[in-house]
2 protein chains.
Amino acid sequence: MKRATAQNVAMEAGVSKWTVIRAFTPGASITEASKAKVLEAAERLNYRPNLLARSLATNSTHQVAVLVDDFANPHKLPFLEKLTASLQAEGLVTMLININQHYNHVHAILNADQRQVDAIVLFGTAFRDEMLTDHKLGRGGPPMFVLARDSQIEGVPAISCDAVVAIAEIGEHLLKRGYRRPGFMAGARTLSTALGRRRNFKEFWRTALGVELVEMSAERYSAEAGAQAARDYLSKIAPEDRIDVLMCENDALAFGAMDVARSEFGLRVPDDLAIVGFDNAAPAASPAYGLTTYEQPTDQMVKAAIDMILERAPRETVNFKGELVVRDSA
Amino acid sequence: MKRATAQNVAMEAGVSKWTVIRAFTPGASITEASKAKVLEAAERLNYRPNLLARSLATNSTHQVAVLVDDFANPHKLPFLEKLTASLQAEGLVTMLININQHYNHVHAILNADQRQVDAIVLFGTAFRDEMLTDHKLGRGGPPMFVLARDSQIEGVPAISCDAVVAIAEIGEHLLKRGYRRPGFMAGARTLSTALGRRRNFKEFWRTALGVELVEMSAERYSAEAGAQAARDYLSKIAPEDRIDVLMCENDALAFGAMDVARSEFGLRVPDDLAIVGFDNAAPAASPAYGLTTYEQPTDQMVKAAIDMILERAPRETVNFKGELVVRDSA
DNA sequence: ATATTTTTTGCTACCGGTAGCAAACGTGCA
DNA sequence: TGCACGTTTGCTACCGGTAGCAAAAAATAT
């Protein structure tokens, strides 16, 4: 059975289609009587307005494209939950786009644009900045935002957790606990904008103790990749030269690193090797890990993103302060 | 700057708008010469077809609504990754809808319908079957599918992992290992259709040994809820009466239960209490858990779902065989 | 009762495409 | 040169709504 249109309802109710539309438009000029008549007819025909047609006419879809490329990070799930819930609370709908080898940012943005989304959110995805500027995307297209990562791109504001403050807080904590030989594990992509945490951490130790950071990098942002990177490092370093604390760019890496340190090298955490993560993903709280990590203020970030999308707040980069979560691992 | 339309390009190229459309329609009747002329003009104006308008005219959006209500389950993330990637590979786009207290299934389905999605996928969500039949949703609406959960609903096929086979396999394994006092932890919602795993497990032990299952249920499907349920049980049972193996309805519950058993009650897993999960979520593989669990054939399930959506396969319930993943916990 | 104002209803034009028919064009053949 | 035929192009009508003006109806003032 084909869907009923406003025209069908109009005939059923004996009015014009514009009256039907008015019955479904809050605040429109229509008498109670005709409204009731129309709604009754609509009920009978099971009519509900076609939002596609409405979007075409009003030039607004209430759809927001959310680009994600890092499904290995367990932290993405609760974050995504908040984001979708908050968008829905504002009457917006989420178009989830998976960025991978077969479907890159340019593809995704072009497609989202053609679908007339109201905004595009790059949710913690890794990309070269040139990608976005090269292709003269954006000119005339929907506004773009970078969430949970920083952005140097002209006209693309970022909503993120203040990396400088976060790293300083973590560094101070580690210093106070007496760690002196720091290491840092990054996810593979050494993109200019993704270097923040590493650079700040490196700078911190240099300034504080004049100590050089031991750097390692994983293939991807996943526990497996973190495990492999830790394995590579630990197997080739002499115990006496070993770092005493490892900061990982995110929790996924930290879980892998901790697994390997404990089960493959018999190291006690934190006594032989302390480990710090970033994100406060769910397993970090479990006694199986007890990971000291840094929690991003996801509520504030989501709220800020939505305020910008809805133009309730100026569209400019904002940073929020997160919170150090101290557990057993460091 | 406003987006260019086919009309604009037509004027720029000196042809009619229909010729422009043809240049963008694969296989349309158009000379190479005019096609080149049009594409050049389109390039100059940065034109790309408006998919909203196309959808309205063709009555097909290539959008699929995916309803999720269980963001606490870490297994959802990789599953969602596969699902979105596969949909995208077929030119479909994912509308991710978060089902929660503020936004229920009826809301979601109605809204997705109004947005003219090509299909609705209930991805492992919990709902009362009446919900869908009550509201005469579906009549005339987009086809619906239940993914990763079974369905008794008329006209709504399910794509899932065969629970009978899975539970039998798990049961046999536990029996062989010598466990004799089984327990089962369910997520709270005791919905008729969600009882499959529990009922089968119960039946298995009754048939095999004439033993009664100890049942407990968590508030939700999350590690915290699983922890609480385990805590409740372990704190009120005498050690000599304790079950020797606990099967959890999913891995999230199992992680919580294992945490509590080990760190709060000092139990060794599996010696004092064996634990089995379901889903093979990422942390299950980590030595920190080493959880024996059951892996759903997600690739097959996703493929089957998409084949049904695209009508390449008959739209009827299918079950796939998963695989028992034996690790240390049982 | 009539004139005036306000509310309600209907209308045309439009959003940016698609479908499919009809006219225009080009080509091959008699 | 003329005609038939296939290809290319342009056209009308349509998808299902919205915007905002004009006419009709109802409410108020004189």
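Naming: A, B, ... by sequence-line order, numbering from 1 per chain.
A:Gln114 and B:Asn50 share no side-chain donor-acceptor pair at under 3.5 Å. A:Asn98 and B:Thr84 share a donor-acceptor pair across their side chains, judged by distance under 3.5 Å alone.
Using a 4.0 Å cut-off between a side-chain N of Lys or Arg and a carboxylate O of Asp or Glu, B:Glu90 and B:Lys303 do not qualify as a salt bridge.
Cation-pi geometry between B:Lys76 and B:Phe71 is not met at under 6.0 angstrom from the ring centre and within 45 degrees of the axis.
Checked against ring pair (Phe, Tyr, Trp, His ring centres under 6.0 Å), B:Tyr47 has the following partners two or more places apart in sequence or in another chain: B:Phe24. Applying the side-chain contact (heavy atoms from CB on, under 4.5 Å) criterion to A:Pro143, with sequence neighbours excluded, gives A:Ala119, A:Phe145, A:Arg315. Partners of B:Lys82 according to the side-chain hydrogen bond (donor to acceptor under 3.5 Å, both in side chains) rule, which considers only residues two or more places apart in sequence or in another chain, are B:Thr298, B:Asp299.
DNA chain D lies under 4.0 Å from at least one heavy atom of each of the following residues of residues 27-36 of chain B: B:Ser29, B:Ile30, B:Thr31, B:Ser34.
Using bins of under 30°, 30° to 60° and over 60° for the plane-to-plane angle, the ring pair A:His107/A:Tyr103 lands in the tilted bin.
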Q | Sugar-phosphate or base contact per nucleotide [nucleotides 14-28 of chain D; S, B, -; heavy atom under 4.0 Å] | A | -BBBBBB--------
Q: Take A:Gln63 and B:Gln63 through the test side chain to side chain contact (heavy atoms under 4.5 Å, CB included) and record every step on the way to the result.
A: CA-CA 12 Å; A:Gln63 279 202 292; B:Gln63 279 202 293; 3.1 Å; yes
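Axis angle across the helix from C:dA1-D:dT30 to C:dA30-D:dT1, with five pairs used at each end and values rounded to 10°: 50°.
Across every non-hydrogen atom of B:Leu77 and A:Asn73, the tightest pair is CD2-O, 3.3 Å.
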